[in-house]
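Below you'll find the structure, written out as structure tokens, and then a few comments.
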Number of protein chains: 2
Amino acid sequence: MPPGLSGTAALDLWRRALVASVRRDGPDLSARQLALLLTVYLTPPPHTVRGLAAHLAVSKPAITRALDRLSQEGFLKRKIDPSDRRNVLVQRTVRGSVHLSEFADLVTRSAGEAMGAGGP
Amino acid sequence: MPPGLSGTAALDLWRRALVASVRRDGPDLSARQLALLLTVYLTPPPHTVRGLAAHLAVSKPAITRALDRLSQEGFLKRKIDPSDRRNVLVQRTVRGSVHLSEFADLVTRSAGEAMGAGGP
DNA sequence: CCAAACCATTTCAGTTGCGAAACGAATATG
DNA sequence: CATATTCGTTTCGCAACTGAAATGGTTTGG
């Protein structure tokens with residue numbers, strides 16, 4: 001038995017959080033976009049387009065477009081690397097932090113419900 | 001303090017699972033599609049188009065299209081309700097069960113990693 | 001100091017998704 | 001019966017995303 005999270009409980013946690021997220025009328029990000037956002041915020045910098053593309057195993061243009069979307073949303077910003085101006089460094093914003101914080105609340109709440117409902 | 005899952009741990013769990021999901025070369029489902037799939041498998045039947053649309057707070061055509069995609073993928077199937085032939089009952093398939101089982105593994109594995117990495 | 005290598009972006013053609021409105025089929029209501 | 005209502009689906013125009021290939025800047029190396 002896994003210690004923290006059985007298979008069904010994990011799925012139900014994911015379901016509750018995902019349904020809550022879908023029901024929200026906000027900017028609905030694709031899986032890639034959200035994965036990118038989370039990677040930038042939870043993984044040690046610096047973050048370049050090439051590095052992110054490798055990490056997510058998608059093409060570079062896909063990262064560029066996801067950055068367009070996320071920076072247009074205000075969740076991320078680009079900064080040219082001063083030491084090598086070919087590089088673009090992806091950085092966090094206050095707005096992105098707030099958004100992810102709300103998303104974390106949503107997940108933890110869903111986890112609480114899943115425990116309460118499916119529990120022993 | 002939340003008992004099972006702190007905010008940062010929840011985000012990191014989500015990140016790991018989502019990145020793993022994005023990296024996999026499989027059918028990449030949208031958030032809606034996955035939410036629909038999970039709802040059908042983890043919520044008591046019967047499931048109609050109208051009911052699912054209300055549950056996810058999206059339009060009926062959106063559900064129809066998601067069903068097209070998911071049944072084309074073999075994860076779900078439609079069956080006309082014999083007692084009221086206007087209704088469409090959405091049902092599970094073996095293939096969908098297998099897919100969700102693999103997805104659950106992915107989440108539990110990510111949960112284990114998140115505990116191991118970020119833990120005390 | 002000029003060419004090669006590298007980085008991110010843009011362009012291109014094609015796919016997929018969306019909401020609103022119109023639609024045919026099935027059931028309920030008078 | 002005829003009409004209204006309720007299903008799910010289809011059509012329409014439009015927006016967003018995809019990978020591959022081409023482009024414009026920047027840095028490195030001979």
Side-chain angles (χ1 to χ4, degrees), chain A residues 18-19 21-40 45-92, chain B residues 18-19 21-40 45-92:
Chain A
L18 195 54
V19 168
S21 170
V22 165
R23 289 182 64 95
R24 289 175 106 61
D25 54 335
D28 57 306
L29 306 175
S30 73
R32 283 189 182 182
Q33 290 163 354
L34 184 55
L36 175 55
L37 188 63
L38 287 169
T39 297
V40 170
H47 301 289
T48 65
V49 172
R50 172 162 288 278
L52 292 167
H55 184 65
L56 296 179
V58 300
S59 68
K60 262 188 309 178
I63 298 292
T64 292
R65 282 183 293 254
L67 288 179
D68 288 346
R69 181 85 163 77
L70 291 170
S71 65
Q72 167 191 342
E73 216 59 67
F75 293 159
L76 241 46
K77 66 184 171 194
R78 291 185 240 231
K79 175 170 170 38
I80 294 184
D81 183 349
S83 73
D84 182 345
R85 296 156 52 114
R86 290 172 300 182
N87 287 337
V88 164
L89 304 177
V90 182
Q91 300 182 319
R92 311 172 191 176
Chain B
L18 195 55
V19 168
S21 171
V22 165
R23 288 183 65 95
R24 294 194 355 194
D25 53 334
D28 57 307
L29 306 175
S30 72
R32 285 190 182 182
Q33 290 162 355
L34 184 55
L36 175 55
L37 187 63
L38 288 169
T39 297
V40 170
H47 301 289
T48 66
V49 171
R50 172 163 288 277
L52 292 166
H55 183 66
L56 296 180
V58 300
S59 68
K60 265 189 307 177
I63 299 293
T64 292
R65 283 184 292 254
L67 289 179
D68 289 344
R69 181 84 164 76
L70 291 170
S71 64
Q72 165 191 342
E73 218 59 65
F75 293 160
L76 243 45
K77 65 185 173 194
R78 290 185 241 230
K79 174 168 169 38
I80 294 183
D81 183 349
S83 74
D84 182 347
R85 297 156 52 113
R86 289 173 301 181
N87 288 338
V88 164
L89 304 177
V90 182
Q91 300 182 318
R92 311 172 191 176

- prompt: Do Leu38(B) and Val19(A) pass the side-chain contact (heavy atoms from CB on, under 4.5 Å) test, and can you show the C-alpha distance, the side-chain angles, and the key distance before you say yes or no?
  reply: CA-CA 9 Å; Leu38(B) 288 169; Val19(A) 168; over 6 Å; no

- Item | Leu89(A)/Thr48(A) under side-chain contact (heavy atoms from CB on, under 4.5 Å): CA gap, chis, key distance, verdict | CA-CA 5 Å; Leu89(A) 304 177; Thr48(A) 65; 4.1 Å; yes

* To do: Evaluate the criterion side-chain contact (heavy atoms from CB on, under 4.5 Å) for residue pair Asp28(A) and Val22(A); output intermediate values, then yes/no.
  => CA-CA 7 Å; Asp28(A) 57 306; Val22(A) 165; over 6 Å; no

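Here dC7(D) presents its C1' atom at 15 Å from CD1 of Ile63(B), a figure rounded to the nearest Å. Rounded to an integer number of Å, the gap from CD of Gln72(A) to C1' of dA16(D) is 11 Å. The CG atom of Asp68(B) sits 12 Å away from the P atom of dT11(D) (whole-angstrom rounding). Atoms CZ (Arg78(B)) and P (dC7(D)) sit 17 Å apart, rounded to a whole Å. One atom, CD1 of Ile80(B), and another, C1' of dA26(C), lie 10 Å apart when rounded to the nearest Å. The nearest whole Å value for the distance from the NE2 atom in His47(A) to the P atom in dC7(C) is 17 Å. Taking atom CG of residue Asp28(B) and atom P of nucleotide dC17(D), one finds them 13 Å apart after rounding to whole Å. The NZ atom of Lys60(A) sits 16 Å away from the C1' atom of dT18(D) (whole-angstrom rounding).
Applying the 3.5 Å distance criterion, the base of dG24(D) shares no donor-acceptor pair with the side chain of Arg86(A). At a cut-off of 3.5 angstrom, counting only N and O atoms as typed in the model, there is no donor on one side facing an acceptor on the other between the side-chain of Arg85(A) and the base of dT26(D). Put simply, the side chain of Arg65(B) and the base of dG8(D) share no donor and acceptor less than 3.5 Å apart.
At a threshold of 4.0 angstrom between heavy atoms, the contacts of Thr48(A) are confined to the sugar-phosphate backbone, with no base atom among them. Within 4.0 Å of Gln33(B), counting heavy atoms only, lie sugar-phosphate atoms of the nucleic acid but no base atom. Within 4.0 Å (heavy atoms only), Ser59(B) reaches sugar-phosphate atoms of the nucleic acid but no base atom.
Mapped onto DNA chain D by nearest heavy atom, Val88(B) and Arg69(A) fall at different nucleotides, with Val88(B) at the one closer to the 5' end. Nearer to the 5' terminus of DNA chain D, by closest-nucleotide assignment, is the contact made by Val49(B) (compared with the other of Asp81(A) and Val49(B)).
For Arg78(B), the CZ atom sits in a packed shell: over 12 heavy atoms of surrounding residues, nucleotides or ligands are nearer than 6.0 Å.
Distances were taken from every side-chain heavy atom of Ala62(A) (C-beta onward) to each of dT9(C), dG8(D), dG19(D); the shortest belongs to dG19(D). The Arg32(B) side chain lies nearest to dG19(C) when the options are dG8(D), dT9(C), dG19(C).
The backbone N or O of His55(B) lies less than 3.5 Å from a partner atom in the side chain of Arg23(A), making a donor-acceptor pair.
The phosphate of dT9(C) (OP1 or OP2) has a side-chain N or O of Thr64(A) nearer than 4.0 angstrom.
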